[in-house]
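Below you'll find the structure, written out as structure tokens, and then a few comments.
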Amino acid sequence: MYMSTDEVRRAFLSFFESKGHQIVDSSSLVPANDPTLLFTNAGMNQFKDCFLGLEKRAYTRATTAQRCVRAGGKHNDLENVGFTARHHTFFEMLGNFSFGDYFKEDAIKFAWEFLTEVLELPKDRLLVTVYQTDDEAFEIWNKQVGIPADRIIRIGDKPGGKAYESDNFWQMGDTGPCGPCTEIFYDHGDHIWGGPPGSPEEDGDRFIEIWNNVFMQFNRHADGTMEPLPKPSVDTGMGIERISAIMQNVHSNYEIDVFQTLIKAAAEVTGHQDLSNQSLRVVADHIRSCAFLIVDGVMPSNEGRGYVLRRIIRRAVRHGNKLGAQGSFFYKLVSVLADVMGTAGDELKKQQAVVEKVLRIEEENFSRTLDRGMAILNEALDSLEGQELDGETVFKLYDTYGFPADLTNDVARERNFTIDEAGFEAAMEEQRQRAREAGQFGTDYNTLIKVDGSTEFCGYGATEGQGTITAMFVEGNEVDSLSAGDKAIVVLDETPFYAESGGQCGDAGVLKLESGLFKVEDTQKLGNAFAHHGVLVEGVFAKGDKVTALVDAKRRLATSLNHSATHLLHAALRQVLGEHVTQKGSLVKPEGLRFDFSHLEAVTAQELKEVERLVNEQVRRNHLIETNIMDIESAKKKGAMALFGEKYDDQVRVLSMGEFSTELCGGIHASNTGDIGLFKITSEGGIAAGIRRIEAVTGESALDVIDAQARKYEEKLVEAANKAKALEKEIQKLKDKMAATESANIMGKSQVINGTKVLIAGLEGADSKNLRTMVDDIKNQLGSGVVLLANVADDKVSLIAGVTNDLTGKVKAGDLVKMVAEQVGGKGGGRPDMAQAGGTDVSALPAAMQSVQPWLEERL
């Protein structure tokens with residue numbers, strides 16, 4: 001029976017849903033709140049806290065189709081990808097899980113029923129392995145399922161290894177939940193070389209593991225003690241690529257529908273004809289991990305997850321170049337991938353434009369990096385003493401510039417050099433060891449604070465409540481009582497205190513008894529319990545006491561305003577920048593808010609202004625902030641925006657602010673958008689490749705920011721005005737100097753009329769305000785005489801006349817100016833010793849100036 005990969009995925013989820021399992025969406029490839037993992041690499045990652053007993057969900061059975069990446073950290077398949085039949089950087093793990101519900105019998109029977117009845121695999125092609133001492137699993141397979149004993153293989157501990165170091169014994173870390181597992185293998189036929197598991201030929205490709213059922217049966221302590229778990233659990237996984245190969249009657253994963261479509265598309269964009277080329281497999285595999293890592297917020301960089309992504313992109317581009325690709329090609333496969341992934345490609349379709357842009361930019365950048373790497377390689381070869389390039393240099397080129405060793409070897413060989421392959425492998429092994437160490441769980445499960453009970457939150461509409469103390473901890477140890485001065489964690493059965501979640505900080509306040517007062521500094525979650533962190537200020541607290549819980553209402557209100565503002569900000573950013581914008585993190589505190597989002601370019605000042613305007617517009621509209629409880633599917637139909645990769649219960653809180661914003665949110669919010677008062681952005685900038693951050697404030701804090709800005713602007717305005725005045729004085733001094741200099745320059749034009757000194761002069765573009773100064777200077781230099789200056793500026797005539805006091809009886813300055821002004825289309829007059837006028841007819845000025853001398857001759 002042929003089934004497409006998408007049909008296999010849907011059949012698996014549907015089958016386990018019929019067995020009472022909750023279908024849970026794939027979590028993000030970036031593990032939530034788990035610093036021990038580089039990437040999500042197994043289906044159980046998102047349920048880790050459930051298995052540890054730190055989290056309880058509304059269901060005890062779950063099933064998923066989990067996206068996984070193994071290209072760094074403890075699990076790193078990168079070097080084998082494209083060159084084996086079943087290694088991938090990206091794969092999907094089908095899984096079913098039991099959290100203290102069913103155990104070995106049901107898990108085994110579910111697996112067998114799905115494989116043999118739903119998928120209709122021939123029973124005689126299946127065989128199983130169990131842990132050496134797991135007689136219970138052996139008996140279930142043999143007696144209840146009916147598999148012959150000779151097809152049930154016991155796998156013991158590895159020779160020379162520690163106890164429980166076996167392919168059929170799973171453990172989360174050095175401590176914590178662990179247990180035996182049973183694996184199901186498919187026989188691809190005797191035409192393929194290889195032997196069954198446990199045989200010398202087990203590394204062959206004939207018998208392929210398709211399903212692993214892990215039975216979490218024990219709690220392993222640091223001293224090696226194996227304590228039976230009170231509620232054993234089940235964790236299973238089946239790679240969708242391997243089972244799809246069987247259902248499509250092919251041997252290699254690269255022959256299934258998904259890969260064949262991608263390989264053909266890769267051949268088309270690179271211009272390569274041979275579909276069997278292994279480089280096409282590499283490109284087809286790598287587009288899956290690269291695209292979905294970007295979807296989940298990972299951006300190319302030089303450290304951490306971003307560095308792994310960059311290495312995968314560069315490896316793909318290098319193989320594309322080997323195929324003959326011209327220019328950027330890798331990003332062109334994103335649309336093909338989104339279609340071929342079927343139901344698992346929905347999120348990629350939403351972010352397709354962003355993913356394509358990131359890949360295209362990275363590919364273009366790598367082409368420049370490739371040139372730099374080649375320059376370094378050629379320089380190293382030029383300075384080489386001997387014929388062999390050392391392994392450290394080969395590794396540096398690989399690690400820093402993405403040069404595969406074979407590329408370095410090719411270049412070296414062309415120049416008659418060799419490379420130190422052993423040295424390169426040694427450096428590679430050191431890196432692998434560091435990756436393995438970085439990928440291990442570093443926490444002793446048994447040192448974690450575990451609370452069996454849960455806390456009922458009653459604080460959505462209240463800041464005061466009553467609660468009974470169910471547990472208390474001092475320095476991680478549970479205690480029955482607290483004394484004044486103790487720093488402790490107090491757990492209540494009911495509380496109005498909000499525990500930090502979804503970016504909103506935890507509440508602060510006090511817990512009160514008649515005989516004691518506990519100051520709550522922060523509230524955090526411990527599984528399903530709320531932990532009040534703080535110090536007992538006075539009195540005594542005892543387990544079982546009923547306390548009054550008082551939240552700091554002013555702090556809560558400020559926090560809620562900022563939280564509501566983040567929802568409006570998110571919606572506004574999507575309107576202004578585009579629907580590719582998604583939240584990548586947030587922090588909501590009483591003092592303000594921080595919002596991280598995906599966007600490849602800096603937000604312009606105009607865009608920020610528009611975002612701020614949109615948010616404040618919604619604030620002024622004073623929308624009622626409504627909360628409705630509904631199932632997740634109804635919420636999505638309502639248009640509620642869910643943060644991809646977040647965990648949501650069956651029943652979710654849908655928060656609506658008019659039609660502007662609808663999101664899933666369990667946080668505390670204002671009653672109306674108008675309560676926010678005012679929204680003000682204080683900063684915007686990049687925090688990582690493709691990730692931007694906005695910081696903002698609301699309410700009184702926003703007013704404080706605006707007041708502070710206004711004061712700063714006022715100070716700058718006063719400073720600028722004072723500076724302008726000083727400059728004006730300086731300019732005036734310079735102008736006076738220039739006027740004096742000009743006066744001296746035109747003194748050569750003076751003449752004597754009837755024994756009286758006279759200066760008649762025309763000027764071009766002089767500052768009219770300085771003409772009076774010039775006239776005074778000239779009068780002083782003449783001692784006794786008459787002055788007339790005419791200045792042309794901006795197509796206008798300015799006239800000024802001056803007469804020394806001893807001559808005003810003969811010539812009056814006002815009469816002289818009036819006579820000339822009338823000839824140039826103006827009027828004027830003034831005192832006998834100084835007069836000014838203006839005119840508009842510049843063309844008449846020469847003739848008017850010639851009339852001055854005869855006019856003066858008549859009067860002197």
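Source: prediction; values computed, not measured.
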Residue set satisfying side chain to side chain contact (heavy atoms under 4.5 Å, CB included) with Arg288, at least two apart, ordered chain then number -> Phe90, Glu241, Val258, Phe259, Leu262, Leu337, Met341
Worksheet entry | Salt bridge flag under 4.0 Å for residues Asp167 and Lys158 | yes
dist Ile140:CD1 -> Ile108:CD1 (nearest 0.5 Å) comes out at 4.0 Å
Heavy-atom distance under 4.5 Å between the side chains of Leu275 and Lys264, does that happen here? yes
Residue set satisfying side chain to side chain contact (heavy atoms under 4.5 Å, CB included) with Asp187, at least two apart, ordered chain then number -> Arg125, Arg206, Phe207
So ring pair (Phe, Tyr, Trp, His ring centres under 6.0 Å) across residues 183-204, not counting sequence neighbours, yields Tyr186-His188, His188-His251
The reported gap from CE in Met216 to CZ in Phe51 (rounded to nearest 0.5 angstrom) is 4.0 Å
| request: Determine yes or no for a side-chain-to-main-chain donor-acceptor pair under 3.5 angstrom, with Gln248 supplying the side chain and Tyr2 the backbone. | output: no
Inspect the contact between Arg281 and Asp285 and indicate whether a charged nitrogen and a carboxylate oxygen are less than 4.0 angstrom apart.
no
Residue set satisfying side chain to side chain contact (heavy atoms under 4.5 Å, CB included) with Ser98, at least two apart, ordered chain then number -> Asp101, Tyr102, Val234
Residues at least two apart in sequence or cross-chain that pass side chain to side chain contact (heavy atoms under 4.5 Å, CB included) with Ile361, listed by chain then number, are Lys357, Asn365
So the side chain to side chain donor-acceptor pair (under 3.5 Å) pairs with at least one residue in residues 106-116 (sequence neighbours excluded) are Lys19-Glu113, Glu105-Lys109, Lys109-Gln144
